[in-house]
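Notes for the one structure printed next.
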Amino acid sequence: MTSLFALVDCNNFYASCERVFQPSLNGQPVVVLSNNDGCVIARSNEAKALGIQMGAPYFEIRDLVEIGDIHAFSSNYTLYGDMSHRVMATLSRFTPNIEVYSIDESFLDLGNFYQKNLVEYCWEIKHTVHQWTGIPVSLGVAPTKALAKVANRLAKKSAKAKGVLVLTDPYHITEALKATSIEDVWGVGRQYAKLLRKHGVNSAYDFTLKSDSWVKKHMAVVGLRLVKELRGESCLELDEIAPPKKGICTSRGFGERLTDYGQIQEATANYAAKCAKKLRKQKSCAKVMTVFIQTNFFSGTDQQYSNSRTITLPVATNSDMELIHYASLVLKSIFKPGYRYKKTGVILTEIVPQHQIQYDLLDNINREKHVSIMETIDKLTSRYGRDIVKVASQGYDHSWQVKCERKSPCYTTRLSEIPTVYNAT
DNA sequence: TCTGGGGTCCTAGGACCC
DNA sequence: TCTGGGGTCCTAGGACCC
């Protein structure tokens with residue numbers, strides 16, 4: 001049987017989410033900003049047309065925002081996550097086999113759909129998603145995932161395709177590959193693009209003409225898989241079930257530079273609690289923790305310092321109290337006074353299923369109690385909102401928190417309420 | 001003044017063992 | 001003091017993704 005994949009991609013996803021709830025912004029330039037309102041991470045077509053680049057620092061366009069020529073939003077991941085679920089649920093109606101690849105993209109297995117009128121089916125998918133969720137999507141269909149990516153990109157670019165492109169016959173596939181420059185190929189980043197250009201590879205088509213041995217030598221097995229996919233040989237399967245994460249990280253820049261240890265400690269405690277929550281969500285515990293701290297690399301005037309330390313925990317855990325405790329200890333050991341800090345983060349690795357923990361004979365923590373406390377906290381927060389209950393060292397001042405001055409309401413989910421502080425001792 | 005955050009996979013090289 | 005080779009495990013770093 002021949003394989004066939006559709007790549008469904010939400011157009012300008014974050015910007016589209018904002019527009020669903022403010023339809024007056026349709027046809028207007030809209031951008032969404034990164035944490036701290038630092039730079040542009042999503043743009044509507046109108047914003048792209050104004051020449052605003054991905055990653056452009058916000059201060060470069062602030063004037064245009066202030067006079068109302070561009071509408072800018074702080075990122076609102078609660079809203080985008082919920083909208084993403086709605087889109088994916090809608091897509092699941094169209095095939096039993098779907099891989100949610102990222103917050104705004106899915107691969108659909110259409111292997112059994114060759115006999116269908118594929119173009120018509122794609123249009124039906126596109127219309128239904130738009131009607132049910134308000135989000136515009138584009139579809140690219142082809143015999144491999146890498147080719148479906150190529151098709152999807154052209155579907156968006158081409159005025160004729162209008163968001164749907166089915167690539168099944170060899171002639172059209174070749175034409176599509178010729179029309180795709182090498183840096184636009186999925187899996188070819190800046191370094192590989194440079195290397196390939198140096199060797200005369202300017203398009204995806206040129207790439208398919210390179211020998212397997214050349215590709216393997218310069219781009220290892222990942223590159224080899226990619227070039228085969230572009231030639232139409234399917235090497236990447238549909239991964240329907242997301243495997244549990246092997247590393248979990250929470251880090252953020254502060255709203256302003258911090259020098260005070262207490263504030264940095266509070267931020268770090270909150271990041272540790274966020275990591276713990278992500279662990280519990282996938283029913284895992286972590287055995288190794290890294291904490292890092294850094295000043296602002298971009299500053300030409302500030303004294304620079306950065307450091308990190310990794311520790312192995314006595315017993316793998318997903319408890320807020322325990323992870324906060326260790327994160328605070330590690331932070332203390334790497335914090336040096338006298339610097340203006342920009343960012344800290346907590347990274348957890350050696351992640352194991354929570355029912356497979358190696359206990360330690362010398363362990364004197366009442367783990368059953370921790371588990372039941374965390375279950376209670378999770379229930380309360382899912383019912384009454386994030387931060388309704390927390391560990392005392394997480395504080396409630398939050399002067400370190402990221403700036404998000406232009407955030408839209410969480411239209412589709414419950415709002416947080418006033419926090420109650422839980423004492424962990 | 002202002003420049004994101006969270007992941008994955010692969011490889012080379014060193015340490016260590018027999 | 002010199003003489004090997006092969007295997008495994010771990011880590012750091014590089015490449016990529018959205």
Side-chain angles (χ1 to χ4, degrees), chain A residues 7-14 31-42 52-63 65-66 72-77 80-81 84 99-107 145-146 149 152-153 182-196 216-226 235-236 239 242-257 271 274-275 278-279 281-282 288 290 292 294-302 308 310 312 340 342-351 402-406:
Chain A
L7 176 65
V8 187
D9 177 308
C10 300
N11 300 342
N12 315 324
F13 183 53
Y14 298 167
V31 300
V32 175
L33 306 171
S34 64
N35 278 327
N36 265 326
D37 296 345
C39 61
V40 173
I41 55 169
I52 297 167
Q53 295 297 309
M54 189 70 170
Y58 177 45
F59 65 83
E60 285 180 9
I61 59 162
R62 181 174 290 147
D63 290 347
V65 173
E66 275 163 11
F73 292 88
S74 303
S75 35
N76 182 345
Y77 292 104
Y80 311 149
S84 173
E99 171 187 343
V100 177
Y101 178 70
S102 73
I103 194 165
D104 67 339
E105 278 176 59
S106 269
F107 286 103
K145 282 180 157 183
K149 277 272 187 183
N152 181 282
R153 189 178 153 278
I182 192 64
E183 35 281 295
D184 293 327
V185 172
W186 185 41
V188 175
R190 272 227 307 278
Q191 301 303 319
Y192 284 147
K194 213 167 108 188
L195 175 97
L196 287 163
K216 173 105 195 269
K217 184 176 161 212
H218 290 93
M219 301 172 70
V221 296
V222 182
L224 188 57
R225 214 159 48 202
L226 174 61
C235 302
L236 300 168
D239 296 319
K245 292 185 184 11
K246 296 171 181 172
I248 283 176
C249 167
T250 305
S251 83
R252 249 173 250 350
F254 308 129
E256 48 196 61
R257 304 294 154 270
Y271 300 164
K274 268 199 174 25
C275 285
K278 293 180 193 174
L279 279 176
K281 193 173 172 202
Q282 65 167 28
V288 169
T290 302
F292 67 86
Q294 51 190 238
T295 50
N296 181 15
F297 296 136
F298 286 104
S299 166
T301 49
D302 283 8
S308 75
T310 300
T312 301
R340 302 176 70 232
K342 160 80 180 178
K343 184 176 186 177
T344 62
V346 177
I347 304 166
L348 302 176
T349 49
E350 306 236 343
I351 289 171
V402 296
K403 271 188 290 189
C404 46
E405 288 159 357
R406 317 191 68 86

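Here is the naming used below: chain letters follow the sequence lines, and residue numbers restart at 1 for every chain.
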Using whole Å, what does the distance between atom P of nucleotide B:dG6 and atom CD of A:Glu105 come to?
20 Å

Whether A:Trp186 stacks on the six-membered ring of C:dC17 base, 5.5 Å and 30° limits:
no

Considering only side-chain heavy atoms of A:Arg225, which listed nucleotide, B:dG4, B:dC10, C:dC18, is closest?
B:dC10

The answer to which of A:Lys278 and A:Arg340 contacts DNA chain B further toward the 5' end, by nearest nucleotide, is A:Arg340

Counting any heavy atom closer than 4.0 Å, what does A:Ser75 reach on the DNA or RNA strands: base, sugar-phosphate only, or nothing?
nothing

Should A:Ser251 be listed as having a side-chain N or O under 4.0 Å from OP1 or OP2 of B:dG4?
no

Does one side chain, of A:Lys278 or A:Thr250, offer a donor that lies under 3.5 Å from an acceptor on the other?
yes

Check the distance between C:dC17's P and A:Leu7's CG and give it to me in whole angstrom.
14 Å

What does A:Asp37 touch in the nucleic acid at a heavy-atom separation under 4.0 angstrom: a base, only the sugar-phosphate, or nothing?
nothing

Going from CD on A:Glu183 to CG on A:Leu196, what distance comes out if it is rounded to the nearest 0.5 angstrom?
9.0 Å

Among B:dG4, B:dT3, C:dA15, find the nucleotide with the atom closest to the side chain of A:Pro57.
B:dT3

Pair partner, B:dC18 [Watson-Crick or wobble, under 3.5 Å]:
C:dG5

Tell me which nucleotide among B:dC10, B:dG7, B:dG5 gets nearest to the side chain of A:Ala220.
B:dC10

Should A:Lys149 be listed as having a side-chain N or O under 4.0 Å from OP1 or OP2 of C:dC18?
yes

For A:Val402, answer base if it contacts any base atom (sugar-phosphate contacts may also be present), sugar-phosphate if it contacts only those atoms, and nothing otherwise; contact means non-hydrogen atoms under 4.0 Å.
nothing

Tell me whether the OP1 or OP2 atom of B:dG6 has a side-chain N or O from A:Lys274 closer than 4.0 Å.
no

Residue whose nearest DNA chain B nucleotide is more 5′ - A:Gly55 or A:Lys245
A:Gly55

Interatomic distance, A:Lys343 NZ vs B:dG6 P [rounded to whole Å]:
8 Å

Winner on side-chain proximity to A:Phe298, out of B:dG4, C:dC16, B:dC10, is B:dG4

Could you tell me the separation between the OH atom of A:Tyr271 and the C1' atom of B:dG5, rounded to a whole number of Å?
11 Å

Quick one: A:Asn152 CG to C:dC18 C1', roughly how many Å, whole number?
13 Å

Across the strands shown, which category fits A:Val100 at heavy-atom distances under 4.0 angstrom: base, sugar-phosphate, nothing?
nothing

Rounded to whole Å, CD of A:Gln282 lies from C1' of B:dT8 at a distance of 14 Å

Under 4.0 Å between any heavy atoms, over every strand shown, what does A:Gly253 touch: base, sugar-phosphate, or nothing? Just pick one.
sugar-phosphate

Step by step, work out the side-chain hydrogen bond (donor to acceptor under 3.5 Å, both in side chains) result for A:Ser74 and A:Lys403.
CA-CA 8 Å; A:Ser74 303; A:Lys403 271 188 290 189; over 6 Å; no

Looking at A:Asp37 and A:Arg406, is there a salt bridge between them, counting it only when a charged N and a carboxylate O are closer than 4.0 Å?
no

Over all strands shown, is A:Ile248 touching base, sugar-phosphate only, or nothing at heavy-atom distances under 4.0 angstrom?
sugar-phosphate

Candidates C:dC16, B:dC2, B:dG6 - which lies nearest the side chain of A:Phe59:
B:dC2

Does B:dC2 have its OP1 or OP2 closer than 4.0 Å to a side-chain nitrogen or oxygen of A:Asn296?
yes

Tell me: CD of A:Glu99 to P of C:dC18, nearest whole Å?
12 Å

Under 4.0 Å between a side-chain nitrogen and a carboxylate oxygen: does that hold for A:Lys342 and A:Glu256?
no

Side chain of A:Val222: nearest nucleotide among B:dG5, B:dC10, B:dC2?
B:dC10

Once rounded to the nearest 0.5 Å, what's the spacing between atom OG1 of A:Thr310 and atom CD of A:Glu350?
10.5 Å

Measure the spacing between CD1 of A:Ile248 and NZ of A:Lys281 and express it to the nearest 0.5 Å.
10.5 Å

Rounded distance in Å - CD (A:Glu350) to P (C:dT11)
8 Å

What does A:Phe297 touch in the nucleic acid at a heavy-atom separation under 4.0 angstrom: a base, only the sugar-phosphate, or nothing?
nothing

Would you say A:Arg62 reaches B:dT1's phosphate, i.e. side-chain N/O to OP1/OP2 under 4.0 Å?
no

